[in-house]
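The structure appears below as structure tokens.
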Amino acid sequence: MASPNIKAVRGTRDLLPPETDLWNRVESTARAVFSRYGFGEIRTPIFEDTSLFARGVGEETDIVSKEMYTWEDRARAASEKAQSLTLRPENTAGVVRAYIEHKLGDTGNLQKLFYIGPQFRRERPQRGRYRQFWQIGAEVIGPPTSGAESPIRDAEILEMLATLLDELGITGWTLQLNSVGSATDRPRYVAALKEALAPIKHQLCPDNQRRADTNPLRVLDSKDEADQDLINALPKIADFLDAESKSHFEQVLAALDACGVPYTVNPRLVRGLDYYTRTTFEFSHSVGLGSQNALLGGGRYDGLSEMLGGPRAPGIGFAIGEDRLILTLQAQAETAAQTTKLDAYLAPLGIASNPAALSLARDLRRQGLSVEVGDGSFRLKKSFDAADKLARHIVLLGEDELSTNIFTVKTFATAEQKKIPRADLPTHLRT
RNA sequence: GCGGCUAUAGUUCAGUGGCAGAACGCCGCUCUGUGGCAGCGGAUGUCGUGGGUUCGAAACCCACUAGCCGCCCCA
């Protein structure tokens, strides 16, 4: 047999029209919302020094230990150094690296940065989970004197996300949040958790027995029905927060209440990345995503800059799984009706009208209208068929129209037909 | 990375060893100044890929690939 066709590699995919219209709508809505909150765009490289992720995301996390696309970049000249490079599995570490590298903290100002771009993790693909996937994210970071640590930043981010999801037309999202405490609270809690798990471990399901040893925080995430009572009886992170973290979290909640953003505090919400401190959160949605129901997640990372060798720079950020957002929108059937139609379809009647049709199309397109042009060999009936699929109006160009410069325009939605002078066409077709 | 299910026309799917099918969609004609209806006609295709069993394989067996579901993890 002939050699097999080359196909998109596992876990990657092509995005084609009309679906790309939806992607563009999501991205432009995100940009518009972000700019109202004072965020500016940052674009960081798609690959970075491997140690950035090892130190930032955490050597022990699954992302770093099993899922990264890493390769040795060989030195090709004596003046170059060989180094290990990695396709970014997330974008926060890169943003913080850039913050440090460009001394953005020296301005003394709070930095509000957003990004939109592909990320890479070598996981088994599934619905809503791809090896190249897209994240829309934002970070608020700055020196402590800039107010980067303030609970109002946490609440502002969460309120902004609620607004963004609403404007995108995502209905029925839920926000869960929790505080995982300071960098010292967390190890104390993990120790207490291990201690509490030791005597009851044998009563748990095999999965949870394994987690109890390897990653006790993950036990809290378990969906195993039979284990729920035991899990609920485990120590709560809230009891291990120092006074400052506790008060910080309370202020976040108070600000959310004031804004009317609905949320539930979930003391069992834990996140896998090592850098998270204090506020962590997750927006989820039940429609269209199967088991990958987290739309976006994020949290505070007050120690990340120092972990990367930078100055003290508390911050908070989030990452939206754009692929999942799109799936949810599609599942909500928002899309079928929203596939964007062109403003007009120009139907020349007979090949003699073709030049005039193209000339009219040029005028209309230059005035910003979206226009498709038929060709005069089509019969009128066929033009109507083609036009109705593509456009909101059909403009007929026959002998009458060309001699009078008054065009016959039919609007599909209303079945209304009018005679429109050429000068008025742009206005009429925009409606 | 682990366990399971699936892969047939553009789409959704039927087809358990004997001619490759249905619906929708698509194309043409009835029908060269008004479409969506109707009638008639047409094309759908390496049956995921490669191998094997068999007189004969879309079907049975093996391997591979991909997708989906669950786990793991996370967005």
Side-chain angles (χ1 to χ4, degrees), chain A residues 1-13 57-58 60-67 89-92 117-137 161 205-208 210-211 214-215 217-218 221-224 269-273 276 280-285 289-299 317-328 345 347-353 374 376-391 394-401 407-410 412-413 415-417:
Chain A
M1 211 43 209
S3 58
N5 294 328
I6 297 174
K7 301 194 296 184
V9 308
R10 187 165 161 85
T12 71
R13 60 206 182 121
V57 177
E60 302 307 315
T61 62
D62 279 17
I63 293 178
V64 171
S65 60
K66 323 197 262 226
E67 297 175 359
E90 57 95 58
N91 219 329
T92 299
Q119 319 291 337
F120 306 84
R121 291 181 200 172
R122 200 179 184 292
E123 296 182 278
R124 181 141 171 179
Q126 233 171 85
R127 184 176 183 81
R129 180 206 283 189
Y130 308 98
R131 291 183 170 182
Q132 173 174 337
F133 61 103
W134 291 72
Q135 286 188 335
I136 302 175
L161 284 166
C205 72
D207 265 347
N208 279 331
R210 183 180 43 73
R211 288 166 171 151
T214 60
N215 195 347
L217 286 173
R218 282 274 145 219
D221 240 5
S222 168
K223 288 158 201 153
D224 190 285
L269 177 73
V270 292
R271 306 208 56 80
L273 281 59
Y276 284 119
T280 59
F281 56 88
E282 188 172 301
F283 283 73
S284 49
H285 200 283
L289 290 177
S291 59
Q292 317 296 320
N293 66 344
L295 273 181
L296 70 94
F318 64 86
I320 301 171
E322 190 174 1
D323 308 77
R324 295 180 182 181
L325 195 65
I326 300 276
L327 281 172
T328 302
Y345 182 95
L349 304 184
I351 54 173
S353 300
S377 63
F378 281 1
R379 275 206 306 277
L380 189 58
K381 176 169 184 170
K382 186 157 176 161
S383 296
F384 268 84
D385 270 338
D388 197 14
K389 277 177 204 152
L390 290 171
I394 183 169
V395 180
L396 303 184
L397 291 92
E399 285 176 23
D400 299 351
E401 284 83 359
F407 294 87
T408 307
V409 179
K410 187 158 184 178
F412 290 113
E416 217 176 341
Q417 184 162 316

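Chain letters run A, B, ... following the sequence lines, proteins first and then strands; every chain starts at 1.
- Among the protein residues, A:F412 comes within range of the nucleic acid bases, having at least one heavy atom under 4.0 Å from a base atom.
- Taking atom C1' in both B:G42 and B:C64, one finds a spacing of 38 Å when rounded to whole Å.
- Using N1 to N3 plus N6-O4 or O6-N4 for Watson-Crick, or N1-O2 and O6-N3 for G-U wobble, each under 3.5 Å, B:G70 pairs with B:C2.
- On the P atoms, B:C60 is 10 Å away from B:A7, given to the nearest whole Å.
- Comparing B:U8 with B:A59, their P atoms are spaced 13 Å from each other, to the whole Å.
- If you check every strand for non-hydrogen atoms under 4.0 Å, A:I320 touches nothing.
- Residue A:Q417 is in base contact, counting any heavy-atom pair closer than 4.0 Å across all strands shown.
- Between the P atom of B:A75 and the CG atom of A:D62 lies a distance of 12 Å, rounded to the nearest Å.
- Regarding contacts with the backbone of B:G67, a side-chain N or O of A:R10 is found under 4.0 angstrom from either OP1 or OP2.
- Nearest heavy atoms, A:P118 versus A:Q132: CB-NE2, 3.5 Å.
- When distances are taken from the side chain of A:P125 to each of B:A75, B:G67, B:C69, the shortest belongs to B:G67.
- Side-chain proximity of A:L380 to the nucleotides B:C26, B:A75, B:U34 is greatest for B:U34.
- Between A:K381 and B:G33, a side-chain N or O to OP1/OP2 separation shorter than 4.0 Å is absent.
- Here the straight-line distance linking atom CZ of A:F283 with atom CG of A:L295 works out to 9.5 Å at 0.5 Å rounding.
- Using atom C1' as the reference point in both B:A58 and B:C47, the two lie 5 Å apart (nearest Å).
- Taking the 5.5 Å centre cut-off and the 30° plane limit, the aromatic side chain of A:F133 is classed as stacked on B:A75.
- Counting any heavy atom pair closer than 4.0 Å across all strands shown, A:L396 reaches a base atom.
- At a threshold of 4.0 angstrom between heavy atoms, the contacts of A:G398 include nucleobase atoms, whether or not backbone atoms are also involved.
- Each of B:A75, B:U34, B:G70 was ranked by its minimum atom distance to the side chain of A:Q126; first place goes to B:G70.
- Closest to the side chain of A:R124, from the set B:A75, B:G1, B:G33, is B:G1.
- Base pairing analysis places B:A23 opposite B:U11; the two distances defining the Watson-Crick or G-U wobble pair are each below 3.5 Å.
- With B:A75, B:G33, B:C73 as the choices, the nucleotide that has an atom nearest any side-chain atom of A:E67 turns out to be B:C73.
- Remark: A:F407 CZ to A:I394 CD1 distance equals 13.5 Å, nearest 0.5 Å.
- Across all strands shown, B:G48 forms a Watson-Crick or G-U wobble pair, both distances under 3.5 Å, with B:C64.
- Mapping A:K66 and A:E282 onto RNA chain B by nearest heavy atom places A:K66 at the nucleotide closer to the 5' end.
- Regarding contacts with the backbone of B:G1, a side-chain N or O of A:R122 is found under 4.0 angstrom from either OP1 or OP2.
- Applying the Watson-Crick and G-U wobble criteria (two distances, each under 3.5 Å), B:G39 pairs with B:C29.
- RNA chain B is contacted by both A:D400 and A:A415; A:D400 maps to the nucleotide lying nearer its 5′ end (nearest heavy atom per residue).
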